[in-house]
There are 2 protein chains.
Amino acid sequence: MTEDRTKTGATGAEPERKGERTRRRIMEAARRKFAEVGYERATIRVIAAEAHVDKASVIQYFGTKQELFREAVSWHVPIEELTTPDPARTVDNYLRAMLSSWAADPDSPMAVLLRTSMTSEEAAELLRRHVTKETVERVAANVDAPDARLRAALSGAMMFGIATQRYLLRMPDLAEADLDDVLRLAAPLFRALIAPGSEPGSEPRTEPGAEPGSEPGTEPRSDPGTGS
Amino acid sequence: MTEDRTKTGATGAEPERKGERTRRRIMEAARRKFAEVGYERATIRVIAAEAHVDKASVIQYFGTKQELFREAVSWHVPIEELTTPDPARTVDNYLRAMLSSWAADPDSPMAVLLRTSMTSEEAAELLRRHVTKETVERVAANVDAPDARLRAALSGAMMFGIATQRYLLRMPDLAEADLDDVLRLAAPLFRALIAPGSEPGSEPRTEPGAEPGSEPGTEPRSDPGTGS
DNA sequence: CGTAGAACTAAACAGGCGTTGATTTTTCTC
DNA sequence: GAGAAAAATCAACGCCTGTTTAGTTCTACG
């Protein structure tokens, strides 16, 4: 099925049937609404209105609401450089990818997934599988400590909590804070969890790093690093 | 079991009319269902069936579904000893109250509030107010560091994440782990966040006061004026 | 042009929702 | 026992849900 039905002819290679545009518009509206009000309240009628389309079109393009939802939360991880040989760097990548990229796009599939996972068992299952495969296992593989998987899962849960309360629930003190402040306070904790040894005095049974003085979270703002 | 057929002829208070029992049964069923499937899916019919009552009775006792929900999530904090003069102890109380008491009662109003807060703006607002007043401010009052409120909010968000993923989302690695292991790994992090300066594992701190190189400029033991 | 097929839409469906008012059953007092 | 009050139920309402069907408009190419 080659679809080079170009009326323009000369340049070719620009099919983009009109339906594709509509389909994308519906998908975007769906993600927006799913992330905003959750699965149940994001009715087909509401999504259709948001996309300036008839409700029947939504069904025509996606068959059913569940399929629309499934595609709305399907998502391949954009963080290729999540894990590095150096666990300490992994922490920074992880934190920054999760917290910063989210701020840039609050209607991302990830946001949809997190919000709906609390009330939809299907979304919860997707989240479980996705997080376990894409982050827990990858992070755990680079953690040089016992309970590697638990440490990875724990760090993921903590990031989930911070991101959720900051961007979805909009808890006052957390939502109004500067992202840099949040990262400055949080990063050392995650480092202590999944890169033990690089941080002093936070892990009971670790090799003595013997670096006195610096307390996690109270260090002066070093490494601004926020590439805008 | 307790058939309490006391009829008060002369003086005295009402003896737990039969309606009270029914009302309580409805409330319990409502909490169970709200926590289990969220606000929308916990229909009045489902709640009524769970309580072995006609759907009309639910309305008769609570007037409306929103009022039923509001009462289901209303809740006064049982943790009186949350905050102590010693921040390090506060961490333990906080963690254990949030994580352990939850395991004991997954259908608590708190669980209902957390689960529904992701899809109900009303629940989200209740959660914001409640958490800010009852935990963030109380914890922050005992944090001896700059960004006290942010630190408190951050720790709350992290606990929210852990509890949610362990008990509500049931993330494999986190749900299957021993609670003691979770606490052992997590506690130092929270201690570093809201009780900076206390060294974990080295010595059971005897008295707060003489710490080398503590925060300059900030008075220790800030005013407890936010109490009551 | 004409016509085929893609894109869109209006109208209706069966079923579930929260809620209501009237009615029946239970419980208590005399 | 009779009668009143409380509690529980029945049957229905109006509305909204996801989905279907049949029909209309638009678009591309002979």
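Convention: sequence-line order gives letters A, B, ...; per-chain numbering from 1. Note: hydrogens, waters and symmetry copies are ignored here, and every other heavy atom, side chains too, is used.
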Rounded to whole angstroms, how far apart are CZ on A:Arg25 and C1' on C:dC8?
11 Å
Look up atom OG in A:Ser57 and atom CZ in A:Phe62, then write down how far apart they are to the nearest 0.5 Å.
11.0 Å
I want to check one thing: is the phosphate of D:dA7, taken as OP1 and OP2, less than 4.0 Å away from some side-chain N or O of B:Ser57?
no
Distance test, side-chain N/O of A:Thr22 to OP1/OP2 of C:dA7, below 4.0 Å
no
For the pair made of CD1 in B:Ile44 and C1' in D:dA12, what is the distance, rounded to whole Å?
16 Å
Of the residues in residues 60-68 of chain B, which ones touch DNA chain D at a heavy-atom distance under 4.0 Å?
B:Gln60, B:Tyr61
Mapping A:Ala56 and A:Arg41 to their closest nucleotides on DNA chain D, which lands nearer the 5' end?
A:Arg41
Rounded to whole Å, NE2 of A:His52 lies from P of C:dT9 at a distance of 12 Å
Quick one: are B:Val182 and B:Arg166 in side-chain contact, heavy atoms under 4.5 Å?
yes
Taking CD from B:Glu40 and P from D:dG18, how many angstroms apart are they, rounded to a whole number?
11 Å
Given atom CD1 of A:Ile59 and atom P of D:dA22, what is their separation to the nearest angstrom?
17 Å
Atom CG in A:Asp105, atom OG in A:Ser100: separation rounded to 0.5 Å?
13.0 Å
Nearest-angstrom distance from the residue atom NZ of B:Lys55 to C1' of C:dG16
12 Å
Relative to each other, are the rings of B:Tyr39 and B:Phe34 parallel, tilted or perpendicular (30° and 60° limits)?
parallel
Considering all heavy atoms of both residues, which atom of A:Met27 and which atom of A:Leu68 are nearest to each other, and what is their separation?
CE-O, 3.9 Å
Take the protein atom CG of B:Asp54 and the nucleotide atom P of C:dT19, then report the distance between them rounded to whole Å.
15 Å
I need the CZ-P distance between B:Arg45 and D:dA11, as an integer number of Å.
14 Å
If you look at every heavy atom in A:Leu154 and B:Leu185, which pair is closest and at what distance?
CD2-CB, 3.8 Å
What pairs meet the salt bridge (charged side-chain N to carboxylate O under 4.0 Å, His left out) rule with one or both residues in residues 49-67 of chain A, with sequence neighbours excluded?
A:Arg32-A:Glu50, A:Lys33-A:Glu50
